Amino acid sequence: MRFTDEHRLLRDAVRDLVEREINPHVDEWEAARSFPAHALFKIFGRAGYLGITKPHAYGGMELDWSYAMVMAEALGHARCGAVPMAIGVQTDMCTPALARFGSDELKREFLAPSIAGDLVGSIGVSESVAGSDVAAIKTTAVKDGGDYVVRGEKMWITNGIQADWMCCLVNTSDDPPHRNKSLIVVPLDAPGVERSTKLEKLGMWASDTAQIFFDGVRVPQRYRIGDEGMGFTYQMMQFQEERLWGAANVLTALEDLIQDTIDYARQRRAFGRAILDNQVVHFRLAELQTEIEALRSLVYRATELLVAGDDVTLLASMAKLKAGRLARQVSDACLQYWGGQGYMWESPVARAYRDCRLMSIGGGADEVMLSIICKHQGTLPGTGG
Amino acid sequence: MRIAVCIKQVPDTEARLRVRKDGLWVEEEDLPFVINESDNYALEEALTIAEKTAGEVVVVSLGPERVKDALRKALALGASRAVHLAEEAFQGGDALATGRALAAAIAGQEVDLVLTGSQSDDVGYGATGSVIAGHLGWPHAWLVMGLEIEEGGTSARVTREMESGMNEIFRLQLPAVIEVQAGINHPRYASLKGIMAAKRKPIERPSPADLGLEASQIGAAGSRLEVLEVAFPDSGEGAEMLEGDAATMARTLVEKLQREARVL
């Protein structure tokens, strides 16, 4: 991966923004179980960071995905996982399919203001009965006149309380599960949309997460993204960016956690010497840093191939799997070296430990990543040779 | 209005420093460098004035090749061009030699105003701006907290911080050299558009001869100050560890602050 001056400038600028606009407020936002998404997104939008890969016509910069990856990495310097995740939803989870397949009118109405930071988006795939098993979703959108009438619910929706619209995966026919789905944009102020109270989660506290109910919500058919019946395919494509984004984002977060742990273990003394001076500690941290570098190489390679136009489903799945596993290992090891201090609810390492746990669940659980890898290996029962 | 902003690239203040083997400076390998904090505020002030007056900002810096990164960042933020005093002869100078070189570079730019930070975060001489003003023969203000260009663009209203929490407000005829403090504005973020446009903006690299300077006037050769050593102070002396439970330690601390340090 060759970085240009522009990549480096973007990385530094995003990091600067994180240090000044996010980190000073993280404790307050975590306690409030929410952050001011519209105000923060406007700052990002004004700087042009929400439309890195999106077309010029809608306010984007039309740069390749390597720049989006650099931003994901730089966002990892935030002192919580929640806020970067919310930004990632906006840039690389709820908008790629809209940008790729949405009509010009739909993009003007939803993509352009999302790139500008005026609208907050969300992605609605999971339901209380179907998370990683995307094909099993139950929400339906039935044609009625010029509209779809949407019935069902979406679960664990990031930005769910504050979002203005949702890129929503729905069943639009009775065809087989991979061919009966469509992605539609649902304005979340439409009559019939009900949001639950904020969901209490293990981690990612500053992110407002909701369950959203659709009770006969009328959505114009022109709000459908691309072709009817292609929703599953579009979503699987969109998942490539989501999963790579997650892996890139966690790299820097884990490195910062290791550095914090080095600093803590250097000054904390036990049995007459610094915790860090125990070989088991500094060797373990060196081992984990090496693992992070190995993951980084995988993320960079996948990014290069994605930029070249290749399908990176396999590598993105591997990166996501490894990122989830590694995030748990690093946060667990670091918490251990912080000892009682790390076990305190409010300590930064405890926050990282809680936040990191999502990496193996959200955006497709580790087991789904393994299934995708097995499918490519031809070892998944019923799909192999 | 055309404004020159002098920026310095310094080690990130959060970086862990090590003294170089020769004991005269810090080890720069693997050290992250950033634009000096108060210079960032000077740049923001200049960009705001330039926007209001349909003017332009020229950034000027003296330092080795790595300084190009700081200049590119300034260009990404909105400066229209840069001047980099990169040649070896310029390097290693004290405030006198560096100020002389910067003044010579600025003299050729026909600017109405020079802005810079009040002090660098590495050596902290706080003198370079004064030297520049001296060479240019322009009025000068240091530790500036507020700046307003007055009607007609021939003078500036300047607010300075004095000791004891008082402010001094005065009028300065332009052209002038104004050194600002960190915190006087809210520096912008480099927009992605600005970042992509930066590569097309020119960075001039004049030689000492181009600026009419002799090698003996600049860099280490032109300095009157010789660094003998940089070192961390000995640690451990003067520190007193308080003993006892939290309440006892707090009581002892308050007593010491009242009786010994006399700050309470």
Side-chain angles (χ1 to χ4, degrees), chain A residues 3-24 40-56 59-68 70-71 74-75 77 87 91 115-117 252 255-256 259-260 262-263 266-267 269 276, chain B residues 7 9-18 30-37 39-41 43-44 47 51 59 65-79 82 84 182-203 235-236 239 241:
Chain A
F3 290 116
T4 61
D5 279 348
E6 289 70 39
H7 285 101
R8 283 186 282 274
L9 283 167
L10 175 64
R11 184 181 58 207
D12 292 351
V14 173
R15 182 167 190 179
D16 184 25
L17 202 156
V18 166
E19 296 293 355
R20 284 161 57 195
E21 305 289 346
I22 297 176
N23 285 344
L40 186 67
F41 283 13
K42 191 65 210 169
I43 297 171
F44 275 83
R46 217 177 276 135
Y49 303 159
L50 298 180
I52 292 178
T53 57
K54 305 296 190 304
H56 286 306
M61 287 297 293
E62 270 187 51
L63 296 170
D64 68 52
W65 203 78
S66 64
Y67 290 89
V70 162
M71 171 157 155
L75 283 173
H77 291 298
I87 297 165
T91 56
I115 289 171
T252 33
E255 278 175 337
D256 285 355
Q259 191 54 54
D260 287 350
I262 289 171
D263 292 344
R266 183 175 270 131
Q267 47 109 348
R269 298 178 72 79
L276 188 65
Chain B
I7 62 172
Q9 195 191 40
V10 296
D12 190 330
T13 48
E14 287 184 17
R16 186 174 286 273
L17 299 179
R18 286 176 297 140
D30 296 330
L31 194 60
F33 281 87
V34 295
I35 296 178
N36 181 54
E37 191 189 7
D39 296 347
N40 273 320
Y41 290 87
L43 179 59
E44 176 59 37
L47 292 169
E51 280 163 4
V59 275
E65 280 306 314
R66 60 173 161 73
V67 168
K68 197 182 77 176
D69 294 340
L71 292 170
R72 281 264 173 248
K73 183 182 174 190
L75 294 173
L77 284 163
H84 183 184
I184 71 163
N185 50 40
H186 190 82
R188 68 195 63 194
Y189 302 103
S191 72
L192 200 43
K193 241 179 215 163
I195 288 170
M196 300 316 285
K199 65 179 159 197
R200 292 189 295 275
K201 294 179 178 176
I203 300 181
S235 59
M241 300 305 288

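Since this is a predicted model, take the numbers as computed values, not measurements. Here is how names work: the chains are called A, B, and so on, in the same order as the sequence lines, proteins then strands, and each is numbered from 1.
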Interatomic distance, [X] atom [atom1] to [Y] atom [atom2] [nearest 0.5 angstrom]:
X	Y	atom1	atom2	answer
B/His186	A/Glu21	NE2	CD	4.5 Å
B/Glu14	A/Gln259	CD	CD	11.0 Å
A/Leu63	B/Ile195	CG	CD1	9.5 Å
A/Arg8	B/Lys73	CZ	NZ	15.0 Å

Problem - Greater than 12 external heavy atoms within 6.0 Å of B/Arg18's CZ - result: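 No, not enclosed.
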Exercise for the section: Report, as yes or no, whether the 6.0 Å neighbourhood of atom NZ on B/Lys201 holds more than 12 heavy atoms from other residues, nucleotides or ligands. Expected result: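 Yes.
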Handout entry: Region of A/Asp5 that comes under 4.5 Å of a non-hydrogen atom in chain B
Key =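 For A/Asp5, the contact with chain B is made by the side chain alone.
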Problem - A/Ile52 portion near chain B, given a 4.5 angstrom heavy-atom threshold - result: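 It is both, since atoms from each part get that close.
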Practice task
Evaluate side chain to side chain contact (heavy atoms under 4.5 Å, CB included) for B/Lys199 paired with A/Thr4, printing each intermediate quantity in order.
Solution key: CA-CA 10 Å; B/Lys199 65 179 159 197; A/Thr4 61; over 6 Å; no
Problem - Engaged part of B/Ala190 at the chain A interface, taking heavy atoms whose separation is under 4.5 Å - result: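 Both parts, backbone and side chain.
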Problem - Part of B/Arg188 within contact of chain A (heavy atom distance under 4.5 Å) - result: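 For B/Arg188, backbone heavy atoms alone lie under 4.5 Å from chain A.
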Problem - Options B/Ala76, B/Pro187, B/Gly194, ranked by heavy-atom pairs under 4.5 Å with chain A, top entry - result: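 Ranked by heavy-atom pairs under 4.5 Å with chain A, first place is B/Pro187.
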Handout entry: Residue pair A/Met61 / B/Leu192: nearest heavy atoms and the distance that separates them
Key =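 In this case the closest contact between A/Met61 and B/Leu192 is CG-CD2, 3.6 Å.
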Problem - Closest approach of B/Tyr189 to A/Leu17 (non-hydrogen atoms, all atoms of both residues) - result: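 In terms of heavy atoms, the two residues are closest at CE2-CA, 3.3 Å.
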Exercise for the section: Please test A/Leu9 against B/Arg72 for side chain to side chain contact (heavy atoms under 4.5 Å, CB included), starting from the C-alpha separation and ending with a verdict. Expected result: CA-CA 8 Å; A/Leu9 283 167; B/Arg72 281 264 173 248; 4.2 Å; yes
